2 protein chains.
Amino acid sequence: MITLYGAYGSPYVRKVLFVLAVKELSFEHIQQLPFTGDQEYLKINPLGKIPSLRDGDLTLCDSTVICEYLDEAYPDHPVYPADTADRARARWLEELAGSRVTEYAAGIFFQRFMRPRFMKQEPDEALIEKIITKQLPPLLDYIEARVPEEGFLFGDLTLVDVSLLCPFVNSAYAGYNVDPARWPRFVAFMERVKSGPVMKRILAEEAAALGIA
Amino acid sequence: MITLYGAYGSPYVRKVLFVLAVKELSFEHIQQLPFTGDQEYLKINPLGKIPSLRDGDLTLCDSTVICEYLDEAYPDHPVYPADTADRARARWLEELAGSRVTEYAAGIFFQRFMRPRFMKQEPDEALIEKIITKQLPPLLDYIEARVPEEGFLFGDLTLVDVSLLCPFVNSAYAGYNVDPARWPRFVAFMERVKSGPVMKRILAEEAAALGIA
(Lines give C-alpha, C1' and ligand atoms only; values in the text may rest on other atoms or scores of the structure.)
Protein backbone atom coordinates (compact mmCIF):
# COMPACT_ATOMS: atom_id res chain seq x y z
CA MET A 1 0.00 0.00 0.00
CA ILE A 2 1.37 3.40 -1.03
CA THR A 3 0.83 6.52 1.10
CA LEU A 4 1.63 9.97 -0.28
CA TYR A 5 2.16 12.81 2.21
CA GLY A 6 1.85 16.27 0.69
CA ALA A 7 -0.70 18.99 0.12
CA TYR A 8 -2.25 20.07 -3.17
CA GLY A 9 -0.54 23.15 -4.55
CA SER A 10 3.04 22.00 -4.03
CA PRO A 11 4.98 21.86 -7.32
CA TYR A 12 6.81 18.82 -5.94
CA VAL A 13 3.72 16.91 -4.83
CA ARG A 14 2.27 17.53 -8.31
CA LYS A 15 5.20 15.63 -9.88
CA VAL A 16 4.51 12.56 -7.74
CA LEU A 17 0.76 12.77 -8.42
CA PHE A 18 1.61 12.69 -12.13
CA VAL A 19 3.80 9.58 -11.78
CA LEU A 20 1.26 7.74 -9.62
CA ALA A 21 -1.48 8.57 -12.15
CA VAL A 22 0.54 7.54 -15.22
CA LYS A 23 1.37 4.23 -13.58
CA GLU A 24 -2.22 3.78 -12.40
CA LEU A 25 -1.07 3.06 -8.84
CA SER A 26 -3.62 3.32 -6.07
CA PHE A 27 -2.55 5.25 -2.99
CA GLU A 28 -3.76 6.99 0.11
CA HIS A 29 -3.24 10.75 -0.12
CA ILE A 30 -2.59 12.56 3.17
CA GLN A 31 -2.88 16.34 2.81
CA GLN A 32 0.31 17.11 4.75
CA LEU A 33 1.44 20.76 4.81
CA PRO A 34 5.19 21.50 4.87
CA PHE A 35 7.12 23.06 7.77
CA THR A 36 4.36 22.66 10.36
CA GLY A 37 6.77 21.54 13.08
CA ASP A 38 4.57 18.45 13.57
CA GLN A 39 6.85 16.03 15.45
CA GLU A 40 5.14 12.95 13.99
CA TYR A 41 5.74 14.17 10.45
CA LEU A 42 9.37 15.07 11.25
CA LYS A 43 9.90 11.36 11.96
CA ILE A 44 8.86 10.68 8.35
CA ASN A 45 10.71 13.64 6.84
CA PRO A 46 13.41 15.25 9.03
CA LEU A 47 13.30 18.39 6.87
CA GLY A 48 9.54 18.85 7.29
CA LYS A 49 9.23 19.17 3.53
CA ILE A 50 6.72 17.59 1.17
CA PRO A 51 6.25 15.17 -0.49
CA SER A 52 7.14 12.00 1.39
CA LEU A 53 6.01 8.54 0.41
CA ARG A 54 5.57 5.21 2.12
CA ASP A 55 5.47 1.97 0.21
CA GLY A 56 5.28 -0.96 2.60
CA ASP A 57 8.17 -0.52 5.03
CA LEU A 58 10.06 1.87 2.74
CA THR A 59 9.85 5.58 3.65
CA LEU A 60 11.19 8.09 1.13
CA CYS A 61 11.45 11.87 0.88
CA ASP A 62 12.20 14.26 -1.99
CA SER A 63 10.09 14.28 -5.15
CA THR A 64 12.91 13.21 -7.46
CA VAL A 65 13.97 10.33 -5.22
CA ILE A 66 10.32 9.24 -4.96
CA CYS A 67 9.69 9.46 -8.71
CA GLU A 68 12.87 7.54 -9.56
CA TYR A 69 11.86 4.85 -7.07
CA LEU A 70 8.34 4.56 -8.46
CA ASP A 71 9.73 4.30 -11.99
CA GLU A 72 12.07 1.49 -11.01
CA ALA A 73 9.68 -0.38 -8.71
CA TYR A 74 6.71 -0.08 -11.09
CA PRO A 75 8.33 -0.03 -14.53
CA ASP A 76 5.13 -0.07 -16.63
CA HIS A 77 4.53 3.30 -18.34
CA PRO A 78 8.07 4.66 -17.77
CA VAL A 79 8.40 8.32 -16.79
CA TYR A 80 12.13 8.64 -17.57
CA PRO A 81 13.68 8.17 -21.03
CA ALA A 82 15.13 4.72 -21.76
CA ASP A 83 18.42 5.97 -23.28
CA THR A 84 21.19 6.56 -20.69
CA ALA A 85 22.28 9.97 -22.00
CA ASP A 86 18.68 11.15 -22.44
CA ARG A 87 17.82 9.97 -18.94
CA ALA A 88 20.73 12.02 -17.60
CA ARG A 89 19.61 15.07 -19.61
CA ALA A 90 16.09 14.62 -18.24
CA ARG A 91 17.36 14.37 -14.67
CA TRP A 92 19.38 17.56 -15.03
CA LEU A 93 16.41 19.52 -16.40
CA GLU A 94 14.21 18.08 -13.64
CA GLU A 95 16.82 19.21 -11.11
CA LEU A 96 17.04 22.69 -12.64
CA ALA A 97 13.25 23.00 -12.64
CA GLY A 98 12.98 21.75 -9.07
CA SER A 99 15.78 23.90 -7.65
CA ARG A 100 16.38 27.48 -8.82
CA VAL A 101 13.40 27.73 -11.21
CA THR A 102 10.99 26.62 -8.48
CA GLU A 103 12.71 28.86 -5.94
CA TYR A 104 11.97 31.89 -8.12
CA ALA A 105 8.52 30.88 -9.38
CA ALA A 106 7.45 29.74 -5.92
CA GLY A 107 8.83 33.02 -4.60
CA ILE A 108 6.24 34.85 -6.68
CA PHE A 109 3.59 32.39 -5.48
CA PHE A 110 4.61 32.81 -1.84
CA GLN A 111 4.54 36.60 -2.03
CA ARG A 112 1.31 37.06 -3.96
CA PHE A 113 -0.71 34.00 -2.97
CA MET A 114 0.43 32.63 0.39
CA ARG A 115 1.27 35.88 2.18
CA PRO A 116 -2.05 37.66 1.61
CA ARG A 117 -4.16 34.50 2.14
CA PHE A 118 -2.47 32.91 5.12
CA MET A 119 -0.32 35.59 6.72
CA LYS A 120 -2.41 38.71 6.10
CA GLN A 121 0.68 40.46 4.73
CA GLU A 122 1.25 42.48 1.60
CA PRO A 123 3.45 40.91 -1.10
CA ASP A 124 7.01 42.23 -1.49
CA GLU A 125 6.59 43.63 -5.01
CA ALA A 126 10.25 44.70 -5.26
CA LEU A 127 11.34 41.10 -4.78
CA ILE A 128 8.79 39.90 -7.32
CA GLU A 129 10.06 42.51 -9.81
CA LYS A 130 13.62 41.27 -9.32
CA ILE A 131 12.59 37.66 -9.88
CA ILE A 132 10.61 38.51 -13.02
CA THR A 133 13.06 40.93 -14.63
CA LYS A 134 16.46 39.63 -13.49
CA GLN A 135 16.46 36.15 -12.03
CA LEU A 136 14.06 34.12 -14.16
CA PRO A 137 14.95 35.39 -17.68
CA PRO A 138 18.36 33.68 -18.07
CA LEU A 139 16.84 30.40 -16.91
CA LEU A 140 13.88 30.83 -19.27
CA ASP A 141 16.38 31.50 -22.10
CA TYR A 142 18.18 28.27 -21.20
CA ILE A 143 14.91 26.30 -21.19
CA GLU A 144 13.65 27.98 -24.39
CA ALA A 145 16.78 26.77 -26.21
CA ARG A 146 16.10 23.18 -25.14
CA VAL A 147 12.35 22.50 -25.43
CA PRO A 148 11.13 21.18 -28.78
CA GLU A 149 9.01 23.06 -31.32
CA GLU A 150 6.55 20.14 -31.31
CA GLY A 151 5.88 17.24 -28.96
CA PHE A 152 7.84 16.65 -25.78
CA LEU A 153 11.48 16.53 -24.77
CA PHE A 154 12.06 12.80 -25.16
CA GLY A 155 9.29 11.34 -27.31
CA ASP A 156 6.12 10.76 -25.27
CA LEU A 157 5.22 12.96 -22.32
CA THR A 158 7.55 12.11 -19.40
CA LEU A 159 8.28 13.49 -15.97
CA VAL A 160 10.81 16.06 -17.16
CA ASP A 161 8.15 17.80 -19.25
CA VAL A 162 5.82 17.94 -16.23
CA SER A 163 8.69 19.10 -13.98
CA LEU A 164 9.36 22.09 -16.23
CA LEU A 165 5.69 23.05 -16.14
CA CYS A 166 5.17 22.65 -12.37
CA PRO A 167 6.81 25.87 -11.07
CA PHE A 168 4.81 27.92 -13.54
CA VAL A 169 1.51 26.42 -12.44
CA ASN A 170 2.26 28.04 -9.08
CA SER A 171 3.41 31.36 -10.51
CA ALA A 172 0.24 31.44 -12.66
CA TYR A 173 -1.86 31.12 -9.49
CA ALA A 174 -0.06 34.30 -8.42
CA GLY A 175 -0.69 36.12 -11.70
CA TYR A 176 2.68 35.58 -13.37
CA ASN A 177 2.71 33.84 -16.75
CA VAL A 178 5.80 33.34 -18.92
CA ASP A 179 5.77 35.94 -21.71
CA PRO A 180 4.82 34.17 -24.98
CA ALA A 181 6.41 36.95 -27.06
CA ARG A 182 9.81 36.38 -25.49
CA TRP A 183 9.71 32.61 -24.85
CA PRO A 184 7.22 31.30 -27.44
CA ARG A 185 8.52 27.72 -27.63
CA PHE A 186 8.38 27.18 -23.90
CA VAL A 187 4.91 28.69 -23.55
CA ALA A 188 3.56 26.48 -26.38
CA PHE A 189 5.35 23.48 -24.83
CA MET A 190 3.75 24.09 -21.42
CA GLU A 191 0.31 24.30 -23.09
CA ARG A 192 0.89 20.84 -24.61
CA VAL A 193 2.01 19.42 -21.25
CA LYS A 194 -1.08 20.84 -19.51
CA SER A 195 -3.52 19.61 -22.12
CA GLY A 196 -2.86 15.86 -21.79
CA PRO A 197 -5.66 13.95 -20.01
CA VAL A 198 -3.63 13.06 -16.88
CA MET A 199 -2.30 16.57 -16.23
CA LYS A 200 -5.68 18.09 -17.06
CA ARG A 201 -7.33 15.99 -14.39
CA ILE A 202 -4.58 16.60 -11.79
CA LEU A 203 -4.67 20.35 -12.34
CA ALA A 204 -8.47 20.44 -12.15
CA GLU A 205 -8.52 18.46 -8.90
CA GLU A 206 -5.85 20.70 -7.42
CA ALA A 207 -7.59 23.93 -8.44
CA ALA A 208 -10.83 22.65 -6.89
CA ALA A 209 -9.03 21.70 -3.68
CA LEU A 210 -7.38 25.13 -3.50
CA GLY A 211 -10.64 26.92 -4.24
CA ILE A 212 -9.34 28.41 -7.49
CA ALA A 213 -12.00 28.79 -10.17
CA MET B 1 36.74 11.99 -23.30
CA ILE B 2 35.37 13.15 -19.93
CA THR B 3 35.91 16.68 -18.61
CA LEU B 4 35.10 17.57 -15.01
CA TYR B 5 34.56 21.24 -14.13
CA GLY B 6 34.87 22.02 -10.45
CA ALA B 7 37.44 23.13 -7.90
CA TYR B 8 38.96 21.07 -5.11
CA GLY B 9 37.26 21.74 -1.79
CA SER B 10 33.68 21.50 -3.02
CA PRO B 11 31.73 18.74 -1.23
CA TYR B 12 29.91 18.11 -4.51
CA VAL B 13 33.01 17.90 -6.70
CA ARG B 14 34.45 15.42 -4.18
CA LYS B 15 31.53 13.03 -4.82
CA VAL B 16 32.22 13.00 -8.56
CA LEU B 17 35.97 12.56 -8.00
CA PHE B 18 35.12 9.48 -5.92
CA VAL B 19 32.94 7.97 -8.64
CA LEU B 20 35.48 8.66 -11.40
CA ALA B 21 38.21 7.08 -9.27
CA VAL B 22 36.21 3.99 -8.31
CA LYS B 23 35.36 3.39 -11.95
CA GLU B 24 38.95 4.10 -13.01
CA LEU B 25 37.81 6.58 -15.66
CA SER B 26 40.36 8.99 -17.07
CA PHE B 27 39.26 12.62 -17.29
CA GLU B 28 40.47 16.17 -17.65
CA HIS B 29 39.94 18.16 -14.46
CA ILE B 30 39.30 21.87 -14.90
CA GLN B 31 39.59 23.77 -11.62
CA GLN B 32 36.40 25.81 -12.11
CA LEU B 33 35.27 27.96 -9.18
CA PRO B 34 31.52 28.45 -8.61
CA PHE B 35 29.60 31.71 -9.03
CA THR B 36 32.37 33.59 -10.86
CA GLY B 37 29.94 35.15 -13.34
CA ASP B 38 32.15 33.75 -16.15
CA GLN B 39 29.86 33.86 -19.21
CA GLU B 40 31.54 30.89 -20.89
CA TYR B 41 30.97 28.73 -17.84
CA LEU B 42 27.35 29.90 -17.56
CA LYS B 43 26.80 28.30 -21.00
CA ILE B 44 27.85 24.98 -19.44
CA ASN B 45 26.02 25.49 -16.15
CA PRO B 46 23.32 28.17 -16.12
CA LEU B 47 23.41 28.27 -12.32
CA GLY B 48 27.19 28.88 -12.19
CA LYS B 49 27.49 25.99 -9.72
CA ILE B 50 29.99 23.16 -9.65
CA PRO B 51 30.46 20.40 -10.65
CA SER B 52 29.59 20.10 -14.32
CA LEU B 53 30.72 17.28 -16.56
CA ARG B 54 31.16 16.76 -20.27
CA ASP B 55 31.26 13.31 -21.80
CA GLY B 56 31.44 13.55 -25.58
CA ASP B 57 28.55 15.80 -26.64
CA LEU B 58 26.68 15.34 -23.36
CA THR B 59 26.87 18.21 -20.86
CA LEU B 60 25.53 17.62 -17.35
CA CYS B 61 25.27 19.62 -14.13
CA ASP B 62 24.52 18.65 -10.53
CA SER B 63 26.63 16.10 -8.67
CA THR B 64 23.83 13.59 -8.19
CA VAL B 65 22.76 13.75 -11.84
CA ILE B 66 26.41 13.32 -12.88
CA CYS B 67 27.04 10.39 -10.53
CA GLU B 68 23.87 8.59 -11.59
CA TYR B 69 24.86 9.07 -15.23
CA LEU B 70 28.39 7.74 -14.66
CA ASP B 71 27.00 4.73 -12.82
CA GLU B 72 24.66 3.89 -15.68
CA ALA B 73 27.07 4.68 -18.54
CA TYR B 74 30.03 2.90 -16.91
CA PRO B 75 28.41 0.14 -14.88
CA ASP B 76 31.61 -1.59 -13.70
CA HIS B 77 32.23 -1.02 -9.97
CA PRO B 78 28.68 0.24 -9.19
CA VAL B 79 28.32 3.16 -6.77
CA TYR B 80 24.60 2.71 -6.04
CA PRO B 81 23.05 -0.38 -4.42
CA ALA B 82 21.60 -2.98 -6.80
CA ASP B 83 18.32 -3.48 -4.92
CA THR B 84 15.54 -1.05 -5.92
CA ALA B 85 14.45 -0.13 -2.39
CA ASP B 86 18.05 0.19 -1.17
CA ARG B 87 18.91 2.37 -4.17
CA ALA B 88 16.00 4.65 -3.28
CA ARG B 89 17.11 4.78 0.38
CA ALA B 90 20.64 5.64 -0.79
CA ARG B 91 19.37 8.41 -3.07
CA TRP B 92 17.35 9.95 -0.25
CA LEU B 93 20.31 9.97 2.15
CA GLU B 94 22.51 11.39 -0.64
CA GLU B 95 19.89 14.11 -1.20
CA LEU B 96 19.67 14.88 2.54
CA ALA B 97 23.47 15.08 2.78
CA GLY B 98 23.74 17.26 -0.32
CA SER B 99 20.93 19.65 0.62
CA ARG B 100 20.33 20.76 4.22
CA VAL B 101 23.31 18.98 5.81
CA THR B 102 25.73 20.56 3.32
CA GLU B 103 24.00 23.91 3.67
CA TYR B 104 24.74 23.90 7.40
CA ALA B 105 28.20 22.28 7.31
CA ALA B 106 29.27 24.44 4.37
CA GLY B 107 27.88 27.41 6.27
CA ILE B 108 30.48 26.81 8.98
CA PHE B 109 33.15 26.34 6.27
CA PHE B 110 32.11 29.55 4.50
CA GLN B 111 32.15 31.58 7.70
CA ARG B 112 35.39 30.31 9.18
CA PHE B 113 37.42 29.31 6.12
CA MET B 114 36.27 31.25 3.04
CA ARG B 115 35.41 34.61 4.66
CA PRO B 116 38.75 35.18 6.44
CA ARG B 117 40.86 33.79 3.56
CA PHE B 118 39.16 35.29 0.53
CA MET B 119 36.98 38.13 1.79
CA LYS B 120 39.09 39.45 4.67
CA GLN B 121 36.00 39.32 6.89
CA GLU B 122 35.43 37.96 10.37
CA PRO B 123 33.24 34.86 10.67
CA ASP B 124 29.69 35.29 11.95
CA GLU B 125 30.11 33.25 15.14
CA ALA B 126 26.45 33.67 16.16
CA LEU B 127 25.36 31.99 12.94
CA ILE B 128 27.92 29.20 13.45
CA GLU B 129 26.64 28.70 17.00
CA LYS B 130 23.07 28.39 15.71
CA ILE B 131 24.12 25.82 13.11
CA ILE B 132 26.10 23.76 15.64
CA THR B 133 23.66 23.86 18.53
CA LYS B 134 20.25 24.03 16.81
CA GLN B 135 20.26 23.19 13.12
CA LEU B 136 22.66 20.28 12.72
CA PRO B 137 21.78 18.15 15.79
CA PRO B 138 18.36 16.86 14.63
CA LEU B 139 19.89 15.89 11.30
CA LEU B 140 22.85 14.23 13.01
CA ASP B 141 20.36 12.31 15.19
CA TYR B 142 18.56 11.15 12.04
CA ILE B 143 21.82 10.01 10.44
CA GLU B 144 23.10 8.41 13.66
CA ALA B 145 19.98 6.20 13.75
CA ARG B 146 20.65 4.99 10.20
CA VAL B 147 24.38 4.35 9.80
CA PRO B 148 25.61 0.85 10.66
CA GLU B 149 27.72 -0.11 13.66
CA GLU B 150 30.19 -1.79 11.29
CA GLY B 151 30.87 -1.56 7.57
CA PHE B 152 28.91 0.68 5.24
CA LEU B 153 25.26 1.44 4.55
CA PHE B 154 24.68 -1.05 1.74
CA GLY B 155 27.46 -3.64 1.78
CA ASP B 156 30.61 -2.31 0.14
CA LEU B 157 31.51 1.36 0.22
CA THR B 158 29.18 3.23 -2.16
CA LEU B 159 28.44 6.83 -3.04
CA VAL B 160 25.91 7.35 -0.25
CA ASP B 161 28.59 6.66 2.38
CA VAL B 162 30.90 9.21 0.76
CA SER B 163 28.03 11.70 0.39
CA LEU B 164 27.37 11.62 4.13
CA LEU B 165 31.05 12.26 4.86
CA CYS B 166 31.55 15.09 2.35
CA PRO B 167 29.91 18.01 4.21
CA PHE B 168 31.92 17.19 7.32
CA VAL B 169 35.21 17.22 5.46
CA ASN B 170 34.45 20.89 4.82
CA SER B 171 33.30 21.64 8.34
CA ALA B 172 36.49 19.96 9.65
CA TYR B 173 38.58 22.36 7.55
CA ALA B 174 36.79 25.06 9.52
CA GLY B 175 37.42 23.45 12.90
CA TYR B 176 34.05 21.77 13.44
CA ASN B 177 34.01 18.02 13.98
CA VAL B 178 30.94 15.97 14.84
CA ASP B 179 30.96 15.19 18.58
CA PRO B 180 31.92 11.51 19.04
CA ALA B 181 30.33 11.44 22.51
CA ARG B 182 26.93 12.39 21.13
CA TRP B 183 27.05 10.72 17.70
CA PRO B 184 29.51 7.85 18.13
CA ARG B 185 28.22 5.61 15.34
CA PHE B 186 28.35 8.34 12.72
CA VAL B 187 31.83 9.49 13.75
CA ALA B 188 33.17 5.92 13.58
CA PHE B 189 31.39 5.43 10.26
CA MET B 190 32.99 8.55 8.76
CA GLU B 191 36.42 7.33 9.90
CA ARG B 192 35.85 4.09 7.98
CA VAL B 193 34.74 5.99 4.87
CA LYS B 194 37.81 8.24 5.01
CA SER B 195 40.24 5.39 5.51
CA GLY B 196 39.59 3.48 2.27
CA PRO B 197 42.38 3.81 -0.32
CA VAL B 198 40.36 5.84 -2.86
CA MET B 199 39.04 8.40 -0.38
CA LYS B 200 42.40 8.63 1.35
CA ARG B 201 44.06 9.57 -1.93
CA ILE B 202 41.30 12.04 -2.93
CA LEU B 203 41.39 13.77 0.46
CA ALA B 204 45.20 13.98 0.41
CA GLU B 205 45.25 15.47 -3.11
CA GLU B 206 42.58 17.97 -2.11
CA ALA B 207 44.32 19.01 1.10
CA ALA B 208 47.54 19.53 -0.85
CA ALA B 209 45.74 21.61 -3.50
CA LEU B 210 44.08 23.74 -0.80
CA GLY B 211 47.35 24.16 1.09
CA ILE B 212 46.04 22.39 4.20
CA ALA B 213 48.68 20.42 6.08
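Note that the structure is a prediction, hence the values are computed from the model and not measured. To find a chain, count down the sequence lines: A is the first, B the second, and so on, and within it residues start at 1.
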Give, as side chain, backbone, both or neither, the part of [X] having an atom under 4.5 angstrom from any heavy atom of chain B.
{"X": "A/Arg87", "value": "side chain"}
{"X": "A/Pro138", "value": "neither"}
{"X": "A/Ser99", "value": "side chain"}
{"X": "A/Glu72", "value": "both"}
{"X": "A/Leu42", "value": "neither"}

Query raised in the report: Does B/Arg146 make a cation-pi contact with B/Tyr142 (under 6.0 Å, within 45 degrees of the axis)?
Result: yes
Query raised in the report: Does a side chain donor of either B/Ser52 or B/Gln32 reach within less than 3.5 Å of an acceptor in the other side chain?
Result: no
Report task. Go through the side-chain N and O atoms of B/Tyr176 and B/Gln111 and say whether any donor and acceptor fall under 3.5 Å apart. Result -> no
Report task. Go through the steps to decide whether B/Lys134 and B/Glu129 satisfy the test salt bridge (charged side-chain N to carboxylate O under 4.0 Å, His left out), and finish with yes or no. Result -> CA-CA 8 Å; B/Lys134 298 254 186 289; B/Glu129 179 74 10; over 6 Å; no
Requested in this report: Give a yes or no on whether a salt bridge exists between B/Arg54 and B/Glu28, defined as a side-chain N under 4.0 angstrom from a carboxylate O.
Outcome: no
**Report entry** Contact leader toward chain A among B/Asp141, B/Leu93, B/Leu58, B/Leu139, where contacts are heavy-atom pairs under 4.5 Å
**Finding:** B/Leu58
Report summary line: Among B/Glu95, B/Arg100, B/Glu68, the residue with the most heavy-atom pairs under 4.5 Å to chain A is B/Glu68
Query raised in the report: Testing B/Arg91, B/Lys15, B/Lys23 for salt bridge (charged side-chain N to carboxylate O under 4.0 Å, His left out) with B/Asp71, which one passes?
Result: B/Lys23
Report summary line: One option among A/Cys61, A/Ala145, A/Ala73 has the most heavy-atom pairs under 4.5 Å with chain B, and it is A/Cys61
